[in-house]
Amino acid sequence: MKGKQEYTPVRFSHLTSYSGVGAIVRGVEDKLMVVVDIRHWTDKNGKNATIPIPYVNRITNALDISKELRMPPVAQENFSKGIEGSYLPAVLFPTFTHCSTCGLLHPNPWRHQNKPLNEKVFCRDKQCKGKGRGILKQVTWCCVSNEGHLDEVPWHAICHKESPSKCETDYQANYLKFDIDKKSGKNIVKCTRCGSFHQYEKQQLGFMNKPQPWIYESVELNENLKIDIVEINDSSAYLPDRVNALVIPPESRISKSTIVDKLYSNSTALRKLENIAIPLKRKGELLSLATKYRCGVDEIKNAIEQIDNGYPNFDTFESAGDLIADEYKAFLTPLKNVKDDEDFVTEHKTDEWKSLATEGMDNDLLALLYIVDKHIVANRLREILVFKGFKRGRPQDDQEQLLVPPDIVGKSNWLPAIELFGEGVFFTLNEIILSKWEQLSGVKQRAIEISKRYEKSGLNLGDDIVITPRFILLHTLAHLIIRELESSAGYPAAALSERIYHSRNDKMAGILIYTAVPDVVGSLGGIVESAQPREFVKILHNAFKHALWCSLDPVCTEHQGQGPGWLNRAACHGCVLVPETACDYGNVFLDRVFIKGNEALGIPNFLNFVMEHK
Ligand SMILES: [Zn+2]
Ligand SMILES: [Zn+2]
Ligand SMILES: [Zn+2]
Ligand SMILES: [Zn+2]
């Protein structure tokens, strides 16, 4: 690896979804960059700059991760432009640029013209005298392999693929050009020295120069390695593998103000203490910790003893080993003596919800008050997003694609993760009615069709997605609620997230709509107000109403399939889709017909069905 490579910080807000290791992102001055691996997440002394995340044992156990979870570096140094908050180190990629006027390719002009990255660079060709003075832009093509490699497109090699001429590669000169083939109309790269040309879109390659843009090693070729040229925003250029989970009792209940918590969360201090063999030195260290935490040395000693004895000890750590099932149970279990600094603070409001029903009330409202089984307001939530690695390229003949770990080599004892804080609303649907509804053959049939399409699509939207009527119903409803929260409560949909709890076997049918932001005090607030029964019943009522129509009807309702892989039926931008960040399932598996019904298909209006069977 080159010693003097410069890393440019890239801001992150949602590390694990958008800009994890290996992602191509827009960084400083709108340049395309790629986030480098966690071996480089160091401070200026070369030490690991990440911070361990405490109290996440349930999550790591359930995910079968034996590694520590650590947060990315937080910039404290004064960068020239004063970057604050968290950032990730990244390198310029692709480094090739092309002239927007004449099409001439320039390999890394910032380096060859000796310009800093925040300056514009221009075409140096004497004949290039276009209106825009030939501003240079990064190319938007790269090559990826099915084993997770990413590299620049070898433009010279592609261009001379079928020409026997002895044109030599020159990594500094600007002699290749983007053009359009007059005969085929296809995009080509052309050599201005020898006249060779070749198209590059969807081309396959027999070699790659580097495994990742920041790693200067060679790529071992093997017969299974498939290398494609793709656009940088193609889904095969980057597919992160991430999981998110809520911190729930008992871990969420740990008091954050005790000395033992402070010490437990400060693993550097603990390690330092462990390594001190000289009693006098140890005494000094204990004293400085006592000063730091403004307590007596005895309290520090006591805290160390508790940690040595296995703090935090959980007597009641009952886990189904399933993140979702555990969370579902946590929501349904009322908490006693909740303190403000806990990470999972809920209020059970089912009684209040049920009490809203009055004589002579609108049938739809009565159905709503009935079908919601449990209504819970989440005043405080803590979510952990874990980044497990990434994949690139396309799967070959049903083979599992290689998952590239966050340190590329798979030797690190930690995984990058971030913690987010938020609040939300959680409710479940009546299991008896739901299980009757999902037995209807029209309902079953419609879900099976989507399930079959998903199998055929080759898409991978999560590891254990089971497509059932229950799931599509809950998912569509979650989207309608998110849209309603935006239009009636003014809450930006992009700031909301969904979590769907669904399983026929485990009798789970719940929806959590919540906010999650990196800063504990940064939440926009307001969700809790809309979550109160009196407000939420209006939101839910409107959500159901909006399931009945779409501005693009009748086209939307009658659609055979919309979206990637035709995985949506009656669902489009006019009615059900939400911003990408708000959806856990790529904005598919949505269908309003499960709610509004369709007589011809034997699918009842859901709320009518509720009234008939309550
Ligand atoms: Zn030019
Ligand atoms: Zn040539
Ligand atoms: Zn629609
Ligand atoms: Zn969704």
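Every number for a ligand or one of its atoms is a count from 1 in the order of the listing. The model shown is predicted, which means the values in this text are computed figures rather than measured ones.
The distance between the ring centers of Tyr238 and Phe390 falls below 6.0 angstrom. Aromatic pair His502/Phe471: centroids less than 6.0 angstrom apart. Here the two rings, on Phe96 and Trp141, have centers that are 6.0 Å apart or farther.
Panel note: side chain Thr476, backbone Asp591; a donor-acceptor pair is recorded below 3.5 Å.
Between Phe426 and Phe331, the angle of the ring planes stays under 30°, which puts this pair in the parallel group of the 30/60° scheme. Using the six-membered ring where Trp is involved, Trp353 and Phe536 have ring planes that are tilted, between 30° and 60° apart.
Glu423 and Tyr514 share no side-chain donor-acceptor pair at under 3.5 Å. Side chains of Tyr175 and His156: a donor on one and an acceptor on the other come within 3.5 Å.
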Side-chain polar contacts of residues 503-513 - donor-acceptor pairs under 3.5 angstrom, sequence neighbours left out - could you list them?
residue: Ser503; atom: OG; partner: Asn505; partner atom: N; Å: 3.4
residue: Ser503; atom: OG; partner: Asp506; partner atom: N; Å: 3.0
residue: Arg504; atom: NE; partner: Glu438; partner atom: OE2; Å: 3.2

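If you count the protein N, O or S atoms nearer to the Zn ion (ligand 3) than 2.8 Å, you get 4. Taking 2.8 Å as the limit, the number of protein N, O or S atoms around the Zn ion (ligand 1) is 4.
For Glu498, the N/O/S atom at the shortest distance from the Zn ion (ligand 4) is named OE2.
His479 contributes NE2 and His475 contributes NE2; the angle these two atoms make at the Zn ion (ligand 4) is 100°, rounded to 10°.
Evaluation of the side chain to side chain contact (heavy atoms under 4.5 Å, CB included) rule for Ser252 yields Val247, Pro249, Asp343, Phe344 as partners, not counting sequence neighbours.
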